[in-house]
Each structure stands twice: as structure tokens, then as C-alpha cells.
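Quick note: numbers below take in every heavy atom, side chains included, and nothing from hydrogens, waters or symmetry partners. Computed from a prediction, not measured in an experiment: that's the story for all the values here. Chain naming here is simple, since letters A, B, ... match the order of the sequence lines and numbering starts at 1 in each.
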Amino acid sequence: MAESAAQIESSRSPLEFRDRTRGQALLDAIARWTDDRIDNPVAIMHVCGSHEQAIAKFGLRSVLPPGLRVITGPGCPVCVTDAPEIDEAVAIAESGVEVMTYGDMLRVPGSGESLDDARARAGHVQVVYSVAEAVGRAAASPNEQFVFFATGFETTAVATAAMLLHEPPANFSVLSAHKYIPPIMEIVAEMPETRVEGFLAAGHAASITGSAVFEPFVARHGLPVTIGGFEPLDILAGFAKLVERIRRHEPRVDNCFPRMVTREGNRRAQVQLWSVFEPSGGVWRGIARVPNGNLRLRDRFAAWDARRRFRDVIASAACGVAATGADQCRCGDIMAGIAEPRDCRLYGAPCTQSTPVGACMVSSEGTCRIALEYGGHPVLEMTP
Amino acid sequence: MCLGVPGRIISIDGLTAQVEFWGVEREVRLDVVDSAVSPGDYVLNHVGFAIRRIPEEEVEETLALYDQLLAELEREDLMAAEVRSEIGPGASQAGRARNG
Ligand code: SF4
């Protein structure tokens, strides 16, 4: 059963967190399954910003056996929002329409400006906590136009879908930059440089889609997918399952987070998601054009589609000059598992949390920001 | 963020619920939650929407990670900051939601 808060608080190393014996047993299992791969480590990719935060925070990389390499995939929704998508929101904001979005989108650079720059130049930009709040603001000022710049993966898109199904007021519309994870896994799996041998899928996103959503992927690519939670031991259990599947050449979908995820997932949410959105091709920043990787509003919801309502404003937006250094940003390579933050010449100087050059340094889910904040040895630094 | 935050339902009015997160109350929508919920149930929340009812036997285990994160109030920590930004200012470990 759960320990008391005092016991948890006194935990200072990843293996003491919750249960040292179980953690060590999982690490021993991983070492056993990878003992012949020390010269050519098994490469596992996760696709979730929260997984990266937990891996960095609890220092899991520093305790992993040498035969396993954990790669950060494109799991940061802010980071994969493409510059032209930001440009659309900036153009709408500068035309005098209220643009509302989640807070972490403000500083993400577009081709020229970020939404923060637009706000500083008298563009109308507001941060909202939820799409429900955004609809509420529109309803309160019926004579003004409000656009919700909708970003995030399927877990976030279901919220947007739910509000649209309530037929929001006519002065409200949605600029969808929502993205859908399974198609990007196909792209990454096919990149020859990446050499990913298995994927750790995000537990809470999978609670919506269900583990079954990964079955066609596994069948097509012969790579195992394991769904994992966010406790250090949940993550280690996911790694252990993956290296076992890889060693045995048994590509399967495994659910190592059954307390939150079922095979069929949340049907009610899926029905709402797919009745409002349909998959369409879209660019994931710095990585690739991903067939079916974006979620766009179905024709039935055209009346609330900001891309249709503000077509002229968007079309007339001039593309700005890219921010200094942006062309050297390696975010895309990092999210594709080809490079690490330290491979970027701008990492740490001039690109920092307070002066980000690329989206991976802006977002709290971005690999560069996580690497810089946790410094690679987070557990030792956890003790004040 | 993919983490989401667990909270306890205080009351329900149609498709909105008052949910308590570590002493902070917020309105949460119930449009997409996977099963019927009632006051006292714990739900996992993401951007103002409950996405899953947490089975009773899993509640303690689910809360433990968040307890630990929020215990580090003084520290600059990305994960803790994200959890706090989802539940708003004033969250503290002292106010952890409890059954009964
Ligand atoms: S350090 Fe900055 S510039 Fe370099 S890849 Fe990361 S976000 Fe881009």
C-alpha cells in the first residue's frame, strides 16, 4: 500500500522512491536483457514530455544499464507546433481579434514573431486555462470576435471537441494546431538514422485512445510499444518490458499502466474527438510533414473554423524574418532522436530558458529546457 | 502536459463539477470522462476536463507521485510547476484531498 507522505518526502534517490527493491529488480532485469548490447545499446524512444520530465527529475538515465539508451521523441506539443501555425495566430491577433491560447504557447517563435511579440505590439492575446474558459469569454462579449488557438495532442483535442459539440457562440472560432501521436511514430520508425527499436507510449494519452490504437503500428513495423505511467517505477517497468520484447523478437503492445489504461480506451471521448476532428497532413516543426499528423475541423464545424473565417487575414500575413540563430536550432533532430541538446551549438549560450531560440527551450516539456533545468544529475541536486 | 492532475469531486451540476485539488477548488467539465461519476470520486483532469475516473483502489497510488511533487514547494521544479499551474495558486501538500 501507499507510504506516508513523510516516507516519500525523505526519499532522495530514484530507487528509494516508493520501493528500492523493486526498482533494483527492474534495473537488474534490464541489464540482463541488454548484456550483449553494451557496444550497440538498445534504443527506446518515449513520446511524452511528462515522461522526459520524470526521467530527468528522478535521474533515471544515470542508473540505467549501459546496454539501454533512452531517446526523447516528439512528445512536446508546444515544440512540434509549426512556425506557420504560430504565424496564423499572430496575424489574427494583429488584425484586432482576440486570440486565446494555453500559456506555454506565448513565447514559441513563429517565422517572425511569437504571440508574446504580437501582444507587445498591441495584438490581442489572452492566456486561458481551458477551452471552456475561452468559450465563456466569447459568450461574455458577443460583439467581439474570439479565436481559440488550439494546440496539444489528442488528450487536449478532446476538450476542444467537447466544447464545439455544444455549439459555442457565433463570435467564437477555433484555430486548430492539434496533433495526433500515432502517425508521427510511423515517421520516426522509418527514419534510418533514428534506429528506434521500441516505443514507450504515454499513459494518460493512452487512457483516451486505448492501447489498441498501437496494434496496427506494431504489426506494420515489428517494433514493440509499451504503455507506461509516470512514477519512476512505472517507467522502469515499461523499459524492462520493452527490452524483453526486443531481445525475444516479440513485437507486441503491452500495457504496463493498467490502473489507468484499457485496451479500448475512453470510448465516450473518442466519439467526441472523431465527430469534430479528422486527421489531415501537417508539418511537425523541424521533423517532417506527417500524413494524418494534424487534426482539422470537419466540414460540419466549418462555422467555427478560424482558418475559414479569417482566411483573408491569414493569407495577407507577411512572413517575417526568422529570429537570429533559429536556422541553427536542432529541435527537429532532437525530437527525431538523431541529436541531443548538447549537440546544438546554441545550447546554454545563447539559448537558455530566459532567452530561448527554439521551441524546445521554451516549453517546460521541451527536451532542451528539461536538460538545462535538471542538468543531467537531478537526483544529487534534489537534496537541498 | 500529459501528466494530468487527480482531484476529488465535491459537487456536480450537469456537465460541470467542483473538484478539489490539494485544497484548491476548481470547476472541471465532465463531457469526456469515461464513466459515471459522483461526489467523492477521484478524477484525472487535463486542461479543465476530467478524462478518467480513477478506480477507488488506485487512488492512493495515483496521489503519491503528486504528493511528492507538491511537497517540494520551495524548489524550482518543472514537474511541480506544471502540476501547480494546472490547479492554480495556493496548492499545498497540507490541503491534500482525502476521502471522507
Ligand atoms: S538549444 Fe535552443 S537552439 Fe539548440 S536545439 Fe535546443 S531549443 Fe533549439
Side-chain angles (χ1 to χ4, degrees), chain A residues 1-3 5 8-9 11 17-18 48-51 53-54 56-57 75 77 102-104 128-133 152-153 155-156 158-159 161-163 165-166 202-205 207-208 229-232 234 259-262 265-269 272-273 364-365 369-370 373-374 378 382 384, chain B residues 1-6 14-16 22 26-36 43-88 93-94 96:
Chain A
M1 268 310 288
E3 302 109 288
I8 292 165
E9 210 176 336
S11 306
F17 182 72
R18 308 305 296 279
C48 169
S50 297
H51 271 154
Q53 288 173 347
K57 175 178 170 60
Y102 298 119
D104 40 9
V128 289
Y129 163 72
S130 79
V131 57
E133 184 187 341
F153 298 129
T155 333
T156 317
V158 293
M163 290 318 286
L165 285 167
H166 287 294
H204 291 154
S207 76
I208 301 274
F230 300 94
E231 292 270 8
D234 288 333
R259 68 177 190 264
M260 281 299 189
V261 179
T262 59
N266 180 341
R267 286 261 190 240
R268 188 178 175 212
Q272 294 178 59
L273 177 66
S364 55
E365 291 180 76
R369 169 103 180 260
I370 294 171
E373 294 218 3
Y374 287 117
M382 261 174 78
Chain B
M1 73 172 202
C2 341
L3 199 54
V5 185
L15 278 174
T16 58
W22 284 266
R26 282 205 88 126
E27 197 170 280
V28 165
R29 292 202 56 107
L30 300 175
D31 304 65
V32 296
V33 69
D34 62 322
S35 55
V43 280
L44 185 75
N45 302 280
H46 174 65
V47 293
F49 284 70
I51 56 172
R52 180 167 162 83
R53 187 178 80 86
I54 304 170
E56 208 167 314
E57 61 279 14
E58 315 291 359
V59 166
E60 280 296 323
E61 193 156 351
T62 305
L63 292 179
L65 174 66
Y66 299 85
D67 275 349
Q68 202 242 2
L69 289 174
L70 292 170
E72 297 170 14
L73 269 183
E74 305 309 317
R75 296 176 34 78
E76 282 261 324
D77 183 278
L78 283 181
M79 277 185 105
E82 291 225 339
V83 171
R84 282 199 293 276
S85 78
E86 280 250 357
I87 59 190
Q93 203 207 4
R96 169 173 168 174

Are A:Val158 and B:Phe49 close enough that some pair of their side-chain heavy atoms sits under 4.5 Å apart? no
Show your reasoning for whether side-chain contact (heavy atoms from CB on, under 4.5 Å) applies to B:Asp34 and A:Arg267. CA-CA 7 Å; B:Asp34 62 322; A:Arg267 286 261 190 240; over 6 Å; no
Side chains of A:His204 and B:His46: does their closest heavy-atom pair fall under 4.5 Å? no
Quick check against the 3.5 Å criterion: does A:Arg259 have a side-chain atom that pairs as donor or acceptor with the backbone of B:Val59? no
Could you tell me whether the side chain of B:Met79 reaches within less than 4.5 Å of the side chain of A:Tyr374, counting heavy atoms only? yes
Can you name the closest pair of heavy atoms from A:Gln272 and B:Asp31 and give their distance? NE2-O, 2.8 Å
Heavy-atom pair count under 4.5 Å with chain A, highest-scoring of B:Thr16, B:Val33, B:Thr62: B:Val33
Side-chain donor/acceptor of A:Arg268 to backbone N/O of B:Ser35, under 3.5 Å: no
I need the minimum non-hydrogen distance between B:Val32 and A:Ala162, along with the two atoms involved. CG1-CB, 4.0 Å
Report yes if the side chains of A:Asn266 and B:Arg52 come closer than 4.5 Å at any heavy-atom pair, otherwise no. no
Closest approach of A:Ser130 and B:Gly48, non-hydrogen atoms and distance? CB-CA, 4.1 Å
If we define contacts as heavy-atom pairs under 4.5 Å, which of A:Gly152, A:Ala54, A:Ser207 has the most with chain B? A:Ala54
